[in-house]
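What you see is a predicted model, and the numbers here were worked out from it, not measured in a lab. Reckoned from all heavy atoms, side chains included, excluding hydrogens, waters and symmetry mates. Proteins come first, then strands; the chains are lettered A, B, ... in the order of their sequence lines, and each starts at number 1.
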Protein chains: 2
Amino acid sequence: MTRRAARRVPELVARAREGDPASVARLITLVEDGSPMLREVMTALREHAGGAHVLGITGPPGVGKSTSTNALVAGMRRAGKRVGVLAIDPSSPFSGGALLGDRVRMGDHALDREVFIRSMGARGHLGGLAWSTPQAVRVLDAAGCDVVVVETVGVGQSEVEVAGLADTTLVLVAPGMGDGIQAAKAGILEIGDVYVVNKADRDGADRTRRELRTMLAMAERHDGVWLPPVVRTVASTGEGIDALLAEVDRHADWLAESGELARRRTLRARREVEAIALAALRERWDQPGRGADLDDLARRVAAGEQDPYSAAEELLAQD
Amino acid sequence: MTRRAARRVPELVARAREGDPASVARLITLVEDGSPMLREVMTALREHAGGAHVLGITGPPGVGKSTSTNALVAGMRRAGKRVGVLAIDPSSPFSGGALLGDRVRMGDHALDREVFIRSMGARGHLGGLAWSTPQAVRVLDAAGCDVVVVETVGVGQSEVEVAGLADTTLVLVAPGMGDGIQAAKAGILEIGDVYVVNKADRDGADRTRRELRTMLAMAERHDGVWLPPVVRTVASTGEGIDALLAEVDRHADWLAESGELARRRTLRARREVEAIALAALRERWDQPGRGADLDDLARRVAAGEQDPYSAAEELLAQD
């Protein structure tokens, strides 16, 4: 099966580059499965990727991420862009996929051949998202997408990871969520390039926007130059979406001019290479018959017979 | 500074074992900081740990985790137990600590010398929680705690990680949150040993409990034997807390009798050893002057000059 499928990689890649949805989907499935064919796939895609702008979308549950993604995709389609959407759900590590069908989720664009939509569950293993997302992005990029949207369902650590993977990160908040401690707790002040107060027709939108602006002006930001704008939207009606897309374009221009784009992409590649190396190591450590088997070491640490540091050293001494 | 502090490790460990709060706190700070002294600390603690029952508490935001932890700690104190509490906040990777003071957070127990309370922010790096939590647990364990409660703020991936770190995992839900898709999406059906419907004085508590029971009976569970009970509580008044603690004790007995305790602790140690080994490798990869510098490799991958797999191989070839 593997050998037979492997012979088909060049064909799959060629078809995906032509924008064939089934081939794009198949390649992303290979990424999700951690297929041994990936090496060949990524080598084949290498020279065809790098053209897409990667747009991360994150924010707390209930803020309207799916609706906003849908509205943004509609706007990009009006501009004639080919769009890929990866909806990452780190909360479903066991299922190996999302529960909601991709078509149901993004009803407006389900039949548009210039829009690729894919839900991916983050795997339970360490570095799952860091490992699979850049490779899925590369597939969509090589398939000719002008923009790849990476939407993360959930909060917390995953937001930060998305920020590391995107060229431009949108952080969505809703009125009433601007309260200082909550925003700071969520770590959102450091990671956004453009902030969006969605559901801006609700009470308190102006206040939330003001508060966010004040907090952003005070926050210590790593890049030190770009002051993130705060845009108001009502994603369900499309209000403010064009203004939001204009800010995204402005940020993309700034990224290119300032050299920040290359810096971010190098960081992303760094995490990807690291994640691939770590996955290879873990596989090696799991092989039985090695001198210091990880399971044996773990049993000794659990029993209090060995400290975890010397166990880690024994593990590494053999590579 | 490091040399001077290093001389003090045996003294710190001795004092922590006597239950001196300042020494316990200092040791956990060393864990949070990833101090080079940790190796010596963990070696010194090794033979004194293993006695504490590790109780994980998780659930979506707003379900009453802090209040429940507070009520559970009160119940354990009535039973004369010494208790450690680690409140993990994966959503604050940048701050290096939690915003809310530990004392404010756990007002009822702030002055009780038999209760150690500590908030820890998860670090932004890969494996942060897997690396630091077991070591902080070991500190509290060696300090004579009968129970170490690990409460995770937030949802998603972190829930799963907590489940991997605890002997017994409590999953909290509130009435109205039992809706099938939501529960399955959060991946909570696989990870709990005891389920708690908190705020059980609200409408819909019975229904949520029934739904949870049905879903748990249908869910494929990895251990295959223990059917998790569903307990109703009103943490704010203490209602149901004794019944909940009785279920926790019943699970602890089952863990010991079935051999599952050793299995879980070996798994936990495995993750810890792995996380320490990975951290050591990353440090090595970051050192300049090596043949294939990770930054150089990342730049070539970002520029499309090299595929990420061959870059990872070059990185590993040098170790």
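- With a 4.5 Å cut-off on non-hydrogen atoms, B:R138 touches chain A through its side chain but not through its backbone.
- No salt bridge links B:R264 with B:D167; every basic N to acidic carboxylate O contact stays at or beyond 4.0 Å.
- For chain A, the nearby parts of B:L38 are the backbone and the side chain; heavy atoms of each come within less than 4.5 Å.
- Using a 4.0 Å cut-off between charged side-chain N and carboxylate O, B:R263 and B:E260 make a salt bridge.
- Atoms CG and CG, on B:L281 and A:L278 in that order, are 7.0 Å from each other to the nearest 0.5 Å.
- When heavy atoms are compared at a cutoff of 4.5 Å, B:A311 approaches chain A by way of both its backbone and its side chain.
- Among A:A279, A:A49, A:A312, A:P308, the residue with the largest count of heavy-atom pairs under 4.5 Å with chain B is A:P308.
- The greatest number of non-hydrogen atom pairs below 4.5 Å with chain B, out of A:A277, A:S310, A:A303, A:A302, is found for A:A277.
- Contact check on B:E314 versus B:R300 returns a salt bridge, with a Lys/Arg side-chain nitrogen under 4.0 Å from an Asp/Glu carboxylate oxygen.
- Salt-bridge annotation for B:R46 and A:E305: absent, with no side-chain N of the basic residue lying under 4.0 Å from a carboxylate O of the acidic one.
- Ranking A:L45, A:L267, A:V273 against chain B, the residue ahead of the rest is A:V273, based on heavy-atom pairs under 4.5 Å.
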